[in-house]
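Just so you know, residue 1 is the first one in the sequence shown, and it goes up from there. Remember, predicted model here, so these are calculated numbers, not experimental data.
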Amino acid sequence: MADSITTIVTALGFPSIESFIGVLLLGGAIIGAIVVIATIRPILDLFPFAYPNARVRARIGRLLNEKQLAEILETESMEEFKNYLRGLPDYAKYIDRFPIEKALESQLAETYEMVSQIAPASIRDPFRANLKRWDVRNIKSLITAKAAGLSAEETVNLLVPGGEIYEIIEGLADASSVQEVVTGLEATEYAGVLEDALSDYEETGMLLPIEAALDRKFLEGLIRTVGSPSDDNTKILHTYFGTMVDISNLKIILRAKADGLSYDDISPYIVPQGYQIREWKLKDLMESEDVSGVVSGLEGTDYGQMLSEALSEYTSTGSVAVFERVLEDNLNRMARNFALKKPFGVGPMIGFLSRKEVEVKNLKVIARSKREPGFPEAMVKEMLA
């Protein structure tokens, strides 16, 4: 028997039974390693998200619930409104430092910063790029203040501590003109787009070219950092931020068509790297005759049905705000769905930021109602997201 086995082993090209057994053991070890790697790989992929999502879920637990929002809505004055927020850890430290809108947005900016800091290295760049929204917001506020002739103190009250160049922007609060602001930002990454748009502003007196150029730079940078999707998490980021670009483009086009603007008026402000709406489709939409043409041109996309349903309200009110609200609600639903779809990945981070945005927006609506006596409660409830 032993001689037969030896003959078989030798026929297979092995010099001895011992070498054959060694090969079998090595093969078994390799197969076992493959099985182990295949088993633990999903766990290893989830591990970098464990701490960030624990932090995010703790913050989600501090978001306002319906009962709290109803109690805030029932406050009878601005001071009572502020007193309620003083009892909430997230807002307490800002309420007495800043005017109410700045206090609310400062907390939102801090939230964005926190998420960008704890995001896993593999997806951190898009979250860092997303922080630049505060640079863009502050530059817009700065140039608006200077165009309106506001004082340095009034200007600072419009700026939110956040972004990458807040100190530079704040240092320009005493600038005397939009031109001086643009000159003061020449050492930043925004110099080029501001200088290019400045001549349009000087020619027309409208801030839209500058604001739209800043938005375009921000969105293009955001999409660039997402890059090509390589896994489930980057696919979600690509879908979410790409949809954000789509919505920005649609808002611009719808406003422009409501104002009777042409393709040439609109095209400089459009970002072609969206998620669903390709460049050729954007061109068709910009060439539409009117708002109804834009809506009908979106047939076959996710946006077509939702905007069609809002068309009658637009017809009766004449306000594109109805479309903007529908589009923003769609983005918020998408974020919530991602939180459910990818609960151990990037989903909770996107879902949390979206919900925080909605919370701050609602608080700003309520704050406005407390500041303006006689503001109809029905209108407030209608404006809440």
Got Q273 and F241 here, is their nearest side-chain heavy-atom distance under 4.5 Å?
no
Side chain to side chain donor-acceptor pair (under 3.5 Å) partners for D231, two or more places apart:
T234
Of all the heavy-atom pairs spanning A103 and Y94, show the shortest one and how long it is.
CB-O, 3.5 Å
Is D200 reaching over with its side chain to a backbone N or O of P209, donor-acceptor style, under 3.5 angstrom?
no
Cluster overlap M379 with V322, hydrophobic side-chain contacts below 4.5 Å
yes
Does R278 have any side chain to side chain donor-acceptor pair (under 3.5 Å) partners at least two apart in sequence or in another chain, and if so, which?
none
Do T155 and K146 have side-chain N/O donor and acceptor atoms under 3.5 Å apart?
yes
Show every salt bridge (Lys or Arg N to Asp or Glu O under 4.0 Å) that has at least one partner inside residues 351-361, sequence neighbours left out.
D90-K356, R133-E357, E328-K361, K356-E359
Given the rule that I, L, V, M, F, W and Y join up when any side-chain heavy atoms are under 4.5 Å apart, are I72 and V380 in one cluster?
yes
Search all heavy atoms of V358 against all heavy atoms of A385 and return the closest pair with its distance.
CG1-CB, 3.6 Å
Indicate the atoms forming the closest heavy-atom contact of L298 with L307, along with that distance.
CD1-CD1, 3.5 Å
Assess the residue pair D232 and K341 against the criterion (side-chain contact (heavy atoms from CB on, under 4.5 Å)); give the C-alpha distance rounded to whole Å, side-chain angles, the decisive distance to 0.1 Å, and a yes or no.
CA-CA 10 Å; D232 287 345; K341 179 180 177 181; over 6 Å; no
Has K235 got more than 12 heavy atoms of other residues, nucleotides or ligands less than 6.0 Å from its NZ?
no
Would you kindly confirm whether M206 and I266 end up in one hydrophobic cluster when ILVMFWY residues are joined by side chain heavy atoms under 4.5 Å apart?
no
Does any non-hydrogen side-chain atom of I277 lie less than 4.5 Å from one of V245?
no
Side chain to side chain donor-acceptor pair (under 3.5 Å) involving R255 - partner list, sequence neighbours excluded
E324
Pair up each side-chain donor or acceptor in residues 119-129 with any protein partner under 3.5 Å, not counting sequence neighbours, and list the distances.
unit_1 : atom_1 : unit_2 : atom_2 : d
R124   : NE     : A119   : O      : 2.9
R124   : NH2    : A119   : O      : 2.8
R128   : NH1    : E113   : OE2    : 3.1
R128   : NH1    : S116   : OG     : 2.9

Of the non-hydrogen atoms in L172 and V181, which two are nearest, and what is the gap between them?
CD1-O, 3.9 Å
Please determine whether the number of non-hydrogen atoms from other residues, nucleotides or ligands lying under 6.0 Å from atom CD of E220 exceeds 12.
yes
Looking only at heavy atoms, the pair that brings A310 and V326 closest together is CB-CG2, 4.0 Å
Side-chain contact test, heavy atoms from C-beta onward, threshold under 4.5 Å: evaluate it for L363 versus L85 and give yes or no.
yes
For side-chain contact (heavy atoms from CB on, under 4.5 Å), just list the numbers for L158 and E154, CA-CA rounded to whole Å, side-chain angles, deciding distance to a tenth of an Å, and then say yes or no.
CA-CA 7 Å; L158 296 175; E154 291 170 321; over 6 Å; no
Scan for side-chain hydrogen bond (donor to acceptor under 3.5 Å, both in side chains) pairs involving residues 310-323, sequence neighbours excluded, and state none if there are none.
E313-R325
Contacts satisfying side-chain hydrogen bond (donor to acceptor under 3.5 Å, both in side chains) that involve residues 171-185 (not counting sequence neighbours) are S176-E180, Q179-T183
Go through the structure and list residues passing side chain to side chain donor-acceptor pair (under 3.5 Å) with D265, not counting sequence neighbours.
S262
Residues passing the salt bridge (Lys or Arg N to Asp or Glu O under 4.0 Å) test with E153, sequence neighbours excluded, are none
Does some side-chain heavy atom of F98 sit less than 4.5 Å from a side-chain heavy atom of N157?
no
Return yes if some donor-acceptor pair links the side-chain N/O of K102 with the main-chain N/O of V156 below 3.5 Å, else return no.
yes
I need the minimum non-hydrogen distance between P348 and R57, along with the two atoms involved.
CG-NH2, 3.7 Å
Give the C-alpha distance, both sets of side-chain angles, the deciding distance and a yes or no for salt bridge (charged side-chain N to carboxylate O under 4.0 Å, His left out) between K370 and E80.
CA-CA 9 Å; K370 304 308 172 187; E80 191 175 333; over 6 Å; no
Is there any ring-ring contact (aromatic ring centres under 6.0 Å, His included) pair reaching into residues 255-301, and which pairs are they, with sequence neighbours excluded?
none
So, N130 versus Y112: side-chain donor-acceptor pair below 3.5 Å or not?
no
Contact between I253 and L282 at the side-chain level, heavy atoms closer than 4.5 Å - yes or no?
yes
Could you list the residues that satisfy salt bridge (Lys or Arg N to Asp or Glu O under 4.0 Å) with D302, not counting sequence neighbours?
none
L254 and L208: same hydrophobic cluster, using ILVMFWY side-chain contacts below 4.5 Å?
no
Would you say the side chain of L73 lies within less than 4.5 Å of the side chain of K381, judging by non-hydrogen atoms?
yes
Heavy-atom count around R224 CZ within 6.0 Å, excluding the residue itself: above 12?
no
Within the structure provided, determine whether I95 and N83 are in side-chain contact (heavy-atom separation under 4.5 Å).
no
Is there a side-chain contact between Y240 and V346, using heavy atoms and a 4.5 Å cut-off?
no
For a quick test of your reading: what N or O donor-acceptor pairs under 3.5 Å do the side chains of residues 286-295 make, sequence neighbours left out?
unit_1 : atom_1 : unit_2 : atom_2 : d
E287   : OE2    : K283   : NZ     : 2.6
S288   : OG     : D284   : O      : 3.3
S288   : OG     : L285   : O      : 3.0
D290   : OD1    : S292   : N      : 3.3
D290   : OD1    : G293   : N      : 2.8

